[in-house]
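Residue numbers start at 1 and run along the sequence shown.
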Amino acid sequence: MTQPLVGKQILIVEDEPVFRALLDNYLSSLGARIAVAADGIDALEKMDDFAPDLLICDLAMPRMNGLMLVEQLRNEGIQTPILVISATENMSDIAKALRFGVQDVLLKPIKDLNRLRETVFACLYPNMFNSRVEEEERLFQDWDALASDPQAAAKLLQELQPPVQQVMSHCRINYRQLITLNQPGLVLDIAPLSENDLAFYCLDVTRAGDNGVLAALLLRALFNGLLQEQLSRQHQRLPELGNLLRQVNQLLRQANLSGQFPLMVGYYHSELKNLILVSAGLNATLNTGEHQIQVSNGVPLGTLGNTYLNQISQRCDSWQCQVWGTGGRLRLMLTAE
C-alpha cells in the first residue's frame with residue numbers, strides 16, 4: 001500500500017478505545033507516526049514531547065473535552081491543524097469548533113475511510129486541495145448548463161488549463177503546447193496526490209467534438225478521486241493505471257458520451273523516482289536522458305467496451321514526454337527536486 005503520510009505526526013485525542021484504535025491503525029498504515037490521548041489533559045501532556053502536524057480530536061471527553069482543548073491551544077497561539085471527529089448532534093458545538101479555527105469536522109460513525117483519508121490530506125496540505133475542491137463543485141453545479149452550451153464548456157476548459165510552470169510534490173514541472181488557435185486540442189491536467197506523488201493526463205478532445213470537451217471536464221472533476229480510491233485499494237506502492245482507465249471508459253459510457261477519446265495517463269513518485277505512463281490512443285516519446293522510449297498509441301477510450309492499453313514504467317530523476325494526436329503536440333517536462 002502507498003504510504004503518503006510518511007514523515008507526518010498525528011495526535012489522536014479520543015476516549016473511545018475501539019474508535020481510537022481504528023484511527024491509529026488506519027493512519028499508521030498510511031505511514032504516519034501516531035500518538036494517542038484519552039482526553040484533552042492527556043493530549044496537552046503528550047504535546048510536551050510530541051509535536052503533531054495534525055491533531056484529531058473528539059468533542060465529548062472526560063476531564064477536558066474537545067472544545068476546551070481547541071480553545072486552549074488557539075489561545076496559546078498554537079495553530080496546529082485540527083480535525084474534529086464527533087458523534088455530536090449539537091450544531092452549536094460544531095459552530096464553536098469552527099470559530100476556534102479547526103480545519104474540518106466529520107461526524108461519527110465514519111463509514112468511508114476514503115473520505116477520512118481525503119479530509120486528513122486536505123488538513124495537512126490545504127494549498128494542494130482547496131482550489132481543486134472548489135473547481136470540482138463548480139463543474140458539477142454547472143454540468144447541465146455546460147452540456148447545452150458547447151462554447152461555454154470550451155471556454156471553461158481553457159480556463160482550467162494548468163500553469164505552464166509550477167512546483168508540486170517536490171517536482172518542478174513545465175510544458176509547451178502546440179494546438180490550433182482558440183480550439184481545444186490536447187487537454188492537460190496535473191495534480192498532486194500527496195507530498196511525494198502526483199498524477200497527470202493528456203486527453204485529445206478533437207475526435208469527439210463537443211463530447212470531447214465534456215469528457216475532459218468530467219475527467220477533470222473525477223480523476224483525482226478515482227486515483228486516490230484506486231491507490232487506497234492497492235497492496236503495492238504504485239498504482240495500476242490500467243484499472244483506472246477502465247473505470248474512466250466505463251464512466252464515459254454511463255455519461256452517454258459517445259466518440260473516441262485518446263487519453264494518456266501518468267503517475268510519478270518523487271521519492272521512488274518512478275514514472276508510469278499508460279496510453280489509450282495517444283502516441284508519445286519518453287526521454288529520460290539515458291533512454292528514449294516510444295509509447296505506441298493503443299486504442300482510444302470510447303471505441304470499445306474493453307480497453308486496450310500500452311504501459312511503460314521507468315525510474316528517472318527527470319524526464320521529457322512528447323505527446324501527439326489529432327489535436328496537436330505537447331511536451332511535458334519534470335525534474336525531481
Side-chain angles (χ1 to χ4, degrees), residues 1-2 114 132 136 139 157 160 162 175 184-194 197-209 211-269 272 274-286 293-314 319 321-327 330 332 334:
M1 175 180 285
T2 186
N114 287 326
R132 190 79 185 190
E136 291 174 7
L139 287 174
L157 184 59
L160 293 176
Y175 71 95
L186 294 180
V187 174
L188 177 70
D189 190 23
I190 312 164
L193 299 174
S194 76
D197 58 347
L198 57 88
F200 56 92
Y201 63 82
C202 184
L203 175 67
D204 188 346
V205 304
T206 53
R207 289 203 206 174
N211 278 352
V213 173
L214 291 174
L217 292 172
L218 181 67
L219 188 58
R220 184 172 181 95
L222 297 177
F223 180 75
N224 261 34
L226 290 173
L227 187 50
Q228 291 281 12
E229 180 182 359
Q230 205 263 340
L231 278 167
S232 70
R233 295 176 179 175
Q234 288 297 108
H235 297 296
Q236 59 262 45
R237 294 179 65 89
L238 298 174
E240 290 286 344
L241 293 184
N243 291 337
L244 177 71
L245 265 69
R246 292 182 187 95
Q247 280 185 284
V248 173
N249 199 43
Q250 184 64 28
L251 285 170
L252 292 172
R253 295 169 69 86
Q254 290 173 353
N256 295 317
L257 294 176
S258 59
Q260 292 189 335
F261 306 96
L263 176 67
M264 174 169 289
V265 174
Y267 170 89
Y268 186 72
H269 197 293
L272 300 176
N274 201 301
L275 169 68
I276 301 173
L277 286 176
V278 179
S279 178
L282 282 176
N283 290 290
T285 301
L286 175 68
I293 303 165
Q294 187 73 30
V295 183
S296 54
N297 55 9
V299 178
L301 298 188
T303 308
L304 302 167
N306 295 321
T307 52
Y308 296 89
L309 315 167
N310 287 297
Q311 176 170 322
I312 63 170
S313 180
Q314 284 288 307
W319 48 267
C321 186
Q322 299 267 5
V323 184
W324 66 94
T326 307
L330 181 143
L332 178 63
L334 180 146

If you round to the nearest 0.5 Å, how far is CG of L332 from CG of L286? 10.0 Å
Looking at every heavy atom in both G327 and D204, which two are closest together, and how far apart are they? N-OD2, 2.9 Å
Taking only residues two or more places apart in sequence or in another chain, which ones pass side-chain hydrogen bond (donor to acceptor under 3.5 Å, both in side chains) with T326? none
Using the rule side chain to side chain contact (heavy atoms under 4.5 Å, CB included), only one of L241, V295, V265 pairs with S279; which is it? V295
Looking only at heavy atoms, which two atoms of I276 and S313 are closest? And how far apart? CG1-OG, 4.0 Å
Gap between atom CZ of R207 and atom CG of L301 - 0.5 Å precision: 11.0 Å
What is the minimum heavy-atom distance between P262 and G281, and which atoms define it? CB-O, 3.5 Å
Candidate pair L219 and V187, rule side-chain contact (heavy atoms from CB on, under 4.5 Å), full reasoning: CA-CA 11 Å; L219 188 58; V187 174; over 6 Å; no
Between R246 and N249, does any side-chain donor sit less than 3.5 Å from a side-chain acceptor? no
Gap between atom SG of C321 and atom CG of L282 - 0.5 Å precision: 9.5 Å
Under the side chain to side chain contact (heavy atoms under 4.5 Å, CB included) test, residues paired with A199 that sit two or more places apart: L193, F223, L227
Listed by chain and number, what are the side chain to side chain contact (heavy atoms under 4.5 Å, CB included) partners of A208, not counting sequence neighbours? N211, F261
Please name the pair of heavy atoms, one in G266 and one in L277, separated by the smallest distance, quoted to 0.1 Å. CA-CD2, 4.0 Å
Between CG of L198 and OH of Y268, what distance do you get to the nearest 0.5 Å? 8.5 Å
Excluding sequence neighbours, so at least two apart, what forms side chain to side chain contact (heavy atoms under 4.5 Å, CB included) with L251? L222, L226, Q254
Heavy atoms only: give me the nearest C202-L186 pair and the separation to one decimal. SG-CB, 3.9 Å
Report the distance from atom CD of Q250 to atom CG of L245, rounding to the nearest 0.5 Å. 13.0 Å
So, taking the atom named CG in L218 and the one named CG in L203, what distance separates them when rounded to the nearest 0.5 Å? 10.5 Å
Exercise: identify the closest heavy-atom pair between W324 and Q294: CH2-NE2, 3.4 Å
For the backbone of N274 and the side chain of Y267, can you confirm whether one donor and one acceptor N or O come within less than 3.5 Å of each other? no
Quick one, L244 and V278 - any side-chain contact, counting heavy atoms below 4.5 Å? no
Any heavy-atom pair between the side chains of L334 and L275 that's under 4.5 Å? no
Using side-chain heavy atoms (C-beta onward) and a distance below 4.5 Å, is P162 in contact with F200? no
